[in-house]
Amino acid sequence: MVKIGNITLGNFPLLLAPMEDVSDPPFRAVCKENGADLMYTEFISSEGLIRDAIKSRQKLDIFDYERPVGIQIFGGDEEPMAMAAQIVEATNPDLLDINYGCPVKKVVCKGAGSGILKDIPKMVKLTAAVVKATRLPVTVKTRLGWDDDTKNIEEVAERLQDVGIQALTIHGRTRTQMYKGNADWTLIGKVKNNPRIHIPIFGNGDICTPEQAIAARAKYGVDGIMIGRAAIGYPWIFNEIKHFIQTGEHLPPPSVLERVEVCKKHLRHSVQWKGDVVGILEMRRHYTNYLKGLPHIKEFRHQLVTCSTLAAVEEVLDTIALHYKDHIIERTSPLTDQNLLPAKNEVADCNVYG
């Protein structure tokens with residue numbers, strides 16, 4: 001059984017990645033209902049928490065139905081990160097995660113996110129300060145290294161374990177790769193199979209089918225998998241992987257009615273948490289993903305993104321369910337079909353793909 005501190009996650013847990021402007025409570029709710037074992041909040045600025053910024057504080061919202069859940073923070077200085085850890089602890093999450101993976105320039109230039117991969121001693125000191133500041137289990141999400149010449153994740157894993165982190169998630173790309181090219185799991189496997197490593201090692205990057213999940217487990221020995229973009233508009237991925245591991249068989253794909261019902265549930269959570277105006281507005285980025293694969297959907301999608309009331313949106317969704325009731329969607333890989341991803345102007349700056 002995989003454990004982080006006193007949190008038991010099962011034999012091969014599936015984690016929902018912290019994705020900015022995606023992994024909010026409404027999205028986490030539908031992922032939890034569809035099999036996610038551990039979820040993380042959107043990443044939160046340590047400086048924002050200390051300044052009491054409204055957006056940062058709102059991201060601390062967690063609910064009992066989504067446990068176990070971790071709150072992820074980022075920053076480049078010891079004191080603000082330690083103070084942020086204490087603020088996070090007061091909200092009573094199950095664990096605290098540090099983001100050392102975000103590749104976006106405005107985060108990196110502050111020495112935060114994957115920017116810290118240029119200064120491993122600082123990374124170790126920063127991590128030690130956070131571990132010391134909180135009683136929560138501390139975990140880390142990071143990348144293989146800054147670039148192809150500095151893939152130092154094996155050293156990083158040992159040193160972070162030595163200062164007290166209790167699990168490590170590794171995204172199989174360098175900072176300079178951003179989200180381009182294919183994730184390289186070779187070094188993830190080396191970290192997991194290092195005899196010095198005794199904490200859980202989770203792999204992240206390009207897992208979007210049950211077969212890929214099983215192959216990653218068998219070939220690299222990881223303790224679990226973190227899933228990001230494959231869950232956007234398709235929270236069923238978690239239960240599909242679990243069912244395939246248990247039975248060797250695929251679950252039937254969700255029907256159009258099932259897609260619509262989960263989309264409506266997501267929408268209602270969004271309105272409940274954010275209010276009518278913001279909840280409806282920010283839900284618009286998700287419709288393309290839920291309805292991907294339906295022919296001639298453009299007109300319906302236009303209606304969805306112009307509706308201004310919950311009742312109006314649900315009416316359009318019900319019409320879609322009726323119109324396509326006999327249609328079977330052939331699911332495509334989000335890694336080869338870029339239309340599944342949110343548009344650039346629909347998401348915030350960082351960590352969008354997990």
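Reckoned from all heavy atoms, side chains included, excluding hydrogens, waters and symmetry mates.
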With distance as the sole test, does [X] use its side chain to make a donor-acceptor pair with the main-chain N or O of [Y] at under 3.5 Å?
X    : Y    : value
D37  : L14  : yes
K59  : F43  : yes
T142 : Y100 : yes
R143 : H171 : no
T150 : K118 : no
E314 : A311 : no

Can you name the closest pair of heavy atoms from [X] and [Y] and give their distance?
X    : Y    : answer
H327 : L294 : CD2-CD2, 3.6 Å
P254 : R259 : O-NE, 3.9 Å
L257 : A321 : CD1-CB, 4.1 Å
F74  : N99  : CB-CB, 3.9 Å
V222 : I188 : CG1-CG2, 3.7 Å

Evaluation steps, side-chain contact (heavy atoms from CB on, under 4.5 Å), between Y287 and L267: CA-CA 10 Å; Y287 297 133; L267 170 65; 3.8 Å; yes
More than 12 foreign heavy atoms under 6.0 Å from [atom1] of [X]: is that the case here?
X    : atom1 : result
E315 : CD    : no
E79  : CD    : no
I328 : CD1   : no
K264 : NZ    : yes

Within the 4.5 Å heavy-atom criterion, are [X] and [Y] side-chain neighbours or not?
X    : Y    : value
Y234 : C208 : no
L304 : I320 : yes
Y290 : L317 : no
Y40  : P93  : no
V256 : K325 : no
L95  : L38  : yes

Give, for atom [atom1] of [X] and atom [atom2] of [Y], the distance between the pair rounded to the nearest 0.5 Å.
X    : Y    : atom1 : atom2 : value
T174 : D184 : OG1   : CG    : 10.0 Å
D61  : E66  : CG    : CD    : 9.0 Å
D223 : I201 : CG    : CD1   : 7.0 Å
E33  : N239 : CD    : CG    : 10.5 Å

In terms of ring plane angle, is the pair [X] and [Y] parallel, tilted or perpendicular, where the classes change at 30° and 60°?
X    : Y    : result
H250 : F244 : tilted
Y65  : H269 : tilted
F300 : Y324 : perpendicular

R28 vs I62, side-chain contact (heavy atoms from CB on, under 4.5 Å): CA-CA, chis, key distance, verdict: CA-CA 10 Å; R28 297 199 304 264; I62 55 175; 3.9 Å; yes
Between E154 and N194: side-chain donor-acceptor atoms closer than 3.5 Å: no
Side-chain donor-acceptor pair present, D24, W273, cut-off under 3.5 Å: no
Presence of salt bridge, K132 and E78, under 4.0 angstrom: no
Note: D206-R173 ion pair, threshold 4.0 Å (strictly below): yes
side-chain contact (heavy atoms from CB on, under 4.5 Å) between Y220 and N193, intermediate numbers included: CA-CA 8 Å; Y220 303 107; N193 293 291; 5.6 Å; no
Pairs satisfying salt bridge (Lys or Arg N to Asp or Glu O under 4.0 Å), at least one member in residues 93-102, at least two apart: R67-D94
side-chain contact (heavy atoms from CB on, under 4.5 Å) assessment of T134 paired with V88: CA-CA 9 Å; T134 180; V88 166; over 6 Å; no
Step-by-step salt bridge (charged side-chain N to carboxylate O under 4.0 Å, His left out) determination, R196 to D162: CA-CA 10 Å; R196 272 209 63 209; D162 290 345; 2.6 Å; yes
